[in-house]
Amino acid sequence: MINPLRGMKDLIFEDSQKFVHIVTTAIKISKNYGYSYIEIPILEETALFKRSVGESSDIVGKEMYQFQDKGDNDVCMRPEGTAGIVRAFISNKLDRQDSTFRFYYYGPMFRYERPQKGRLRSFHQFGCESFGEASVYEDFMIICMIKDIFNALDINFALKINSLGCKDCMPPYRVKLVSFLSDIKDELCEDCKRRIDINPIRVLDCKIERCQSMLCNSPKLIDNLCEVCDSDFEKLKSLLDSVNIEYECDTNLVRGLDYYNKTAFEFISSEIGSQSAIAGGGRYDRLVEFLDGKSTPAIGFAIGIERIMDLVQLPQAKREGFYLGSMNEKGIENLCAISLNLVKNNKVTLEYKVKSLKSHLKSADKIGAKIIIFIGDDELANETLWIKDLETKEEKIIRIDELEFS
Ligand code: HAM
């Protein structure tokens, strides 16, 4: 027997219903916020992710599903959606139009991580990316949209925010941080030691307690922001306050992808164990230019669909559609013609097996049909149909030619 690969799973029955419920809820809300659908390839040139997510990130350094294709191209299964959407934004020359573009997407992402609860190698994200809007109001609206999605799905969350500064305030801060880290280098874990030179900011979110205790007195970016970044961050906080969205400012929230600047955020659930981030995102104002497009401010987020599946309750299933069954072969033939008319506008289940009424009623109930249409021996002889509404329990017998299709 061939099983799915480690860290990959099939979504069927309740899981696939939850998947559809999550995605349709998120689509409805993101459309209301002005986002339209974008679909892009899962496979991209490896260079795209190296240049955007960053060579020093764990995702690119350790977790890529990367291979040479038959044409000897170095390709990679997307580990996340943003890089590909930015590539598509530039490929389609949208960076040349002085306009705002907002896209939503969903689909599988691939990261060769060590699998555990909430951490898969093939998982799904629902994400949104907004291009062309530098205003902090866009950051605020995006956070409100995610809040609306989680509220609609009845999911509790805590919000963490931070500002990662910009090209003016980040470099001098980095120098200060490296100087601080170099002094405590011997006390840090091997990963942190390595990161001091290649990506010192990432040291701040090391999960090892000893490293965290050493970082208590590290210089904080929040105290080193330039005037513009500082006032935008203050504005974001006051906007969130104004609509009573609670948040925590986490100066160590740096995100695991290198493209971010200014606003960064994560939505956390306390109900799903250690892999608690249910959504993450932020600004990436320099990425379009970095991938050879015309400089365009941008911001986005992605929700981890599998991570919220355990938190989501499916809405109460309503009875729906028609079940058609007969006690005799000829009856099935008649019901077949009726089914073809009904199926144009309704969910239809036609049972091909000859069975008793009792047995058909049981099957109709099991699949949640609203209406059962049955042909027994009497109905066949009289050219009639026995119809029961399984919700209201109303029953009637009508002539076949009296059946109205809607
Ligand atoms: P990310 O934080 O790497 O951001 O992923 C977003 C969400 O995907 C996480 O919060 C988590 O819920 C889910 N996720 C990540 N890795 C796994 C995994 N191995 N198994 C299950 N779920 C996982 C991004 O991917 C950015 N592209 C988000 C973004 C969009 N930033 C700007 N625009």
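Counting starts at 1 for both ligands and their atoms, following the listed order.
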What do you reckon, does [X] put a non-hydrogen atom under 4.0 Å from ligand 1?
X    : answer
G256 : no
M109 : no
G118 : yes
F267 : no

Output yes when the distance from some N or O of ligand 1 to some N or O of [X] is under 3.5 Å, and no in every other case.
X    : answer
A277 : yes
R255 : yes
L257 : no
L120 : yes
E266 : no

>> Classify the ring geometry of F110 against Y65: parallel below 30°, tilted from 30° to 60°, perpendicular beyond 60°.
In response: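 Aromatic pair F110/Y65 classed perpendicular.
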
> Using 30° and 60° as the class limits, which term best fits the ring planes of F157 and F150: parallel, tilted or perpendicular?
Replying inline: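 Tilted.
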
> Mind checking whether I371 and L390 have side chains closer than 4.5 Å, heavy atoms only?
Replying inline: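 I371 does not reach L390 side chain to side chain.
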
>> In the structure I gave you, are the side-chain heavy atoms of V75 and F67 within less than 4.5 Å of one another anywhere?
In response: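 The answer is yes; the side chains approach within 4.5 Å.
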
> At a 4.0 Å threshold, what atoms of ligand 1 neighbour a non-hydrogen atom of G281?
Replying inline: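 So the atoms of ligand 1 that pass are 31 (N).
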
> For ligand 1, which part of E306 has a heavy atom less than 4.0 Å away: the side chain, the backbone, both, or neither?
Replying inline: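 The answer is neither; E306 stays 4.0 Å or more away.
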
Do any side-chain atoms of residues 21-28 form donor-acceptor pairs under 3.5 angstrom with protein atoms, and if so which ones, sequence neighbours left out?
from: T24; atom 1: OG1; to: V20; atom 2: O; distance (Å): 2.7
from: T24; atom 1: OG1; to: H21; atom 2: O; distance (Å): 3.2
from: T25; atom 1: OG1; to: H21; atom 2: O; distance (Å): 2.6

> Has D154 got more than 12 heavy atoms of other residues, nucleotides or ligands less than 6.0 Å from its CG?
Replying inline: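 Not buried by this count: 12 neighbours or fewer within 6.0 Å.
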
Donor-acceptor contacts under 3.5 Å from residues 265-272 side chains, at least two apart:
from: E266; atom 1: OE2; to: R255; atom 2: NH1; distance (Å): 2.7
from: S269; atom 1: OG; to: E271; atom 2: N; distance (Å): 3.0
from: E271; atom 1: OE2; to: N156; atom 2: ND2; distance (Å): 3.2

